[in-house]
Trainee: 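Structure in structure tokens, see below.
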Amino acid sequence: MIDFNLIKNNTEKVAKALGKRGVEVDFNKILKLDEKRREIILEIEQMRSKRNEVSSKVPAMKKAGENTEKVFAEMKQLGDEIDSCEKRLSAVEAELNEILWALPNMPDEDIIAGGKENNQPIYTFGKKPEFSFKPKDHVELCTSLGMIDYERAAKLSGNGFWIYRGIGAQLEWALLNFFISEHLKDGYEFVLPTQMLNEKCGFGCGQFPKFADEVYYVDKAGGEEGVKQFLLPTAESAMVNLYAGEIIPEDKLPFRMFAYSPCFRQEAGSYRAEERGMIRGHQFNKVEMISYATPEQSDAMFEELVNKAKNLVEKLGLHFQISKLAAGDISATMCRTYDIEVWIPSMNIYKEVSSVSNGRSYQPRRSNTKYKTKDGKNEFVHILNGSGLATPRIIPAIVEQFQNEDGSVNIPEVLQPFMGGLKKIEPKK
RNA sequence: GGAGAGGUACUCAAGUGGUUGAAGAGACGUCCCUGCUAAGGACGCAGUACGGGAAACCGUAGCGAGGGUUCAAAUCCCUCCCUCUCCGCCA
């Protein structure tokens, strides 16, 4: 949620920032609704004040044996007026909120306008591998090496799922363990969140109402109506709401945390044909880094998270680049995002394995998460997040980039300790 | 899933319709006394959000959440959420 005072007092700035996303907003309408809102509030409060004043005199009147009938009749009428004003108020507020909640976050000053095509690579590690033989793609490699079972996954669940098997499962778990151990070394707190979340969380992290259709809802047996929960699409949804409604003492900031969870996404209408295999699925594993920071700490924290994600991929030895996203490609809740994109030879493209973002106070405003400054004021915290990392594109990158002519795959050195010292995945004889 | 008990400010807790946004206690803060790893005393103590105002300040809301009854709700009624205890279920 954008700071309403900013919309009111610096409309130009907000309009310019949102314009970079190609979003046009009818600010006139917003300001008019707000004016109307305040008008009604004033009216209501004056009437309530009157009623409170009269009410406080009633006990004395009764004691003195005075007739209260007339006063009660007047107050009854006043009460009815208050009711009708309240109805008008909630209609105005509903209209205003619908607009405000739908506004995306403001991209930072230095973020350039436009969509994906304006993303700028700002860092590259390694180079595209050259093969003296005809390289295989990850689907073929993972299948032939017995790492991933697509067909039986479809049998158990449906299209867009896969099963890790044998050495594939070991590699997946080794990756997660590697990430976890690196984050622990950096002093980050390990969190395993609930994997089912209520709708408040969806709203708090800013994914609802816009993306409510893209998650999986879980109903109780028998399709019972009630509070619905959904399977988290990313641990971010959980972690952003961890301190919702709370006030954090400033000396506890920054909080550095990371969470592991499977992530569930409908990915309806996605590019199945070109994104074969595990490039995009309904369920995948991810370790997510989350930081809560003061506004002063937030920019340094962003750099820290980018560095952490970068180091993970570097230690794996994969060729990748970091892209600074253009305004239109940054997710609606964020001010700035750097993507870490790993090279997938068979697709001839860089694919995102980590997205590090600073949303500043946008999500905390929605989830009402504040911190108490040293001089006792309550301010909204900043929340940052970044994948550290998501695995589904790492495995394709590893098997494709590190494949050998005989169909074997070299295991990155940093993963070997987590795989009983295994150095190479050999084709089955 | 069933039965019961609860949810009041930082914590504990009193409060079953009215001048109570909330007794009391602890904690906390400031000060005093005393003097030494303690004890005593005085005073202060919702925080917050929103609205009005140049400001001082004034007002409104708020007792788990949301509705309702009433001139008036922490208090009565309804729905929901959460916690605890017992029972049941337990792939």
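We name chains A, B, ... by the order of the sequence lines, and we start the count at 1 in each one.
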Trainee: I'd like the P distance from B/rU48 over to B/rA56, given in whole Å.
Mentor: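 It works out to 15 Å between them.
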Trainee: Would you measure the distance from the P atom in B/rC77 across to the matching atom in B/rC58 and give it in whole Å?
Mentor: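 B/rC77 and B/rC58 have their P atoms separated by 37 Å.
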Trainee: Kindly assign one of parallel, tilted or perpendicular to the pair A/Phe203 and A/Trp101, based on the angle between their ring planes and the thresholds 30° and 60°.
Mentor: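 Geometry flag for A/Trp101 against A/Phe203: perpendicular rings.
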Trainee: Could you work out the separation of B/rA54 and B/rA14 based on their P atoms and round it to a whole Å?
Mentor: 47 Å
Trainee: Whole angstrom is fine here: how far is it from CE in A/Met75 over to P in B/rG17?
Mentor: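 Roughly 23 Å, once rounded to whole Å.
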Trainee: Within the 4.0 Å heavy-atom criterion, would you say A/Lys370 contacts the bases, only the backbone, or no part of the nucleic acid?
Mentor: sugar-phosphate
Trainee: Please give, in whole Å, the distance from B/rA49 C1' to A/Asn368 CG?
Mentor: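 Going from A/Asn368 (CG) to B/rA49 (C1'), I get 9 Å.
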Trainee: Is A/Ser49 near enough to B/rU60 that one of its side-chain N or O atoms lies under 4.0 angstrom from OP1 or OP2?
Mentor: yes
Trainee: Taking pairing as Watson-Crick or G-U wobble with both contacts under 3.5 Å, can you name the mate of B/rA25, or confirm there isn't one?
Mentor: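 Because both required distances fall under 3.5 Å, B/rA25 counts as paired with B/rU11.
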Trainee: Take atom P in B/rA25 and the same atom in B/rA13, then report the distance between them in whole Å.
Mentor: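 It works out to 16 Å between them.
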Trainee: Is the A/Phe258 ring parallel, tilted or perpendicular to the A/His183 ring (thresholds 30°, 60°)?
Mentor: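 A/Phe258 vs A/His183 ring planes: tilted.
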Trainee: Mapping A/Asp34 and A/Arg48 to their closest nucleotides on RNA chain B, which lands nearer the 5' end?
Mentor: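 The residue closer to the strand's 5' end, by nearest nucleotide, is A/Asp34.
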Trainee: For A/Asn378 and A/Lys76, find the nucleotide of RNA chain B closest to each by heavy atoms; which residue's nucleotide sits nearer the 5' end?
Mentor: A/Asn378
Trainee: So what does A/Val71 hit on the nucleic acid, given a heavy-atom distance under 4.0 Å: a base, only sugar-phosphate, or nothing?
Mentor: nothing
Trainee: Roughly how many Å is it from CD in A/Glu53 to C1' in B/rC71, rounded to a whole number?
Mentor: 15 Å
Trainee: Name the nucleic acid region contacted by A/Lys62, choosing base, sugar-phosphate or nothing; use a 4.0 angstrom heavy-atom cut-off, strictly under.
Mentor: base
Trainee: Looking at B/rU19, B/rA72, B/rG51, which one has an atom nearest to any side-chain atom of A/Ser56?
Mentor: B/rU19
Trainee: Please give the distance between the P atoms of B/rA22 and B/rG6 as a whole number of Å.
Mentor: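 Comparing P positions in B/rA22 and B/rG6 gives a spacing of 25 Å.
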Trainee: Can you confirm if the NZ or CZ of A/Lys252 lies within 45° of the ring axis of A/Tyr292 and under 6.0 Å from the centre of its six-membered ring?
Mentor: no
Trainee: B/rA74 pairs with which nucleotide, Watson-Crick or G-U wobble, both distances below 3.5 Å?
Mentor: none
Trainee: Are any of the side-chain heavy atoms of A/Asp137 and A/Arg276 separated by less than 4.5 Å?
Mentor: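 They are in contact (side-chain heavy atoms under 4.5 Å apart), so the answer is yes.
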Trainee: Let me know the distance between CD of A/Glu246 and C1' of B/rC10, rounded to the nearest Å.
Mentor: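 After rounding, the gap between these two atoms is 13 Å.
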Trainee: Partner of B/rG53 by Watson-Crick or G-U wobble geometry, both contacts under 3.5 Å, or none?
Mentor: none
Trainee: With both distances kept under 3.5 Å, what pairs with B/rU85, Watson-Crick or G-U wobble?
Mentor: B/rA3
Trainee: Check this for me: does any side-chain nitrogen of one of A/Glu246 and A/Lys370 sit under 4.0 Å from a carboxylate oxygen of the other?
Mentor: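 A salt bridge is absent here (no side-chain N lies under 4.0 Å from a carboxylate O).
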Trainee: Just the rounded figure in Å: distance from P of B/rU60 to CD1 of A/Ile41.
Mentor: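 Rounding to the nearest Å, CD1 of A/Ile41 and P of B/rU60 are 14 Å apart.
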Trainee: Tell which nucleotide pairs with B/rG40, taking only Watson-Crick or G-U wobble pairs whose two distances are both under 3.5 angstrom.
Mentor: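 The base-pairing partner of B/rG40, which may sit in any strand shown, is B/rC32.
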Trainee: Between B/rG59 and B/rG2, how far is it from one C1' atom to the other, in whole Å?
Mentor: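 To the nearest whole Å, 49 Å.
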Trainee: B/rG1 and B/rG68: how far apart are their P atoms, nearest whole angstrom?
Mentor: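 Taking atom P in both B/rG1 and B/rG68, they lie 28 Å apart.
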Trainee: Distance alone, cut at 3.5 Å: any donor-acceptor contact between the side chains of A/Tyr217 and A/Glu199?
Mentor: yes
Trainee: What is the distance from CZ of A/Arg51 to P of B/rG59, rounded to the nearest Å?
Mentor: 17 Å
Trainee: Distance check needed: B/rC50 P versus A/Arg37 CZ, whole Å only.
Mentor: 9 Å
Trainee: Report yes if a side-chain nitrogen or oxygen of A/Arg38 is closer than 4.0 Å to either non-bridging phosphate oxygen (OP1 or OP2) of B/rC50; otherwise report no.
Mentor: no
Trainee: Under a 3.5 Å limit for both distances, which nucleotide forms a Watson-Crick or G-U wobble pair with B/rA61, could you say?
Mentor: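 With both distances under 3.5 Å, B/rA61 matches B/rU48.
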Trainee: What integer number of Å spans the C1' atoms of B/rC32 and B/rA39?
Mentor: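 Rounded to whole Å, the distance is 14 Å.
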Trainee: I need the CD-P distance between A/Glu74 and B/rC71, as an integer number of Å.
Mentor: 14 Å
Trainee: Side-chain N or O of A/Asn52 less than 4.0 angstrom from OP1 or OP2 on B/rU60?
Mentor: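 For B/rU60, OP1 or OP2 has a side-chain N or O of A/Asn52 closer than 4.0 Å.
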Trainee: I need the A/Phe380 CZ to A/Arg365 CZ distance, nearest 0.5 Å.
Mentor: 5.0 Å
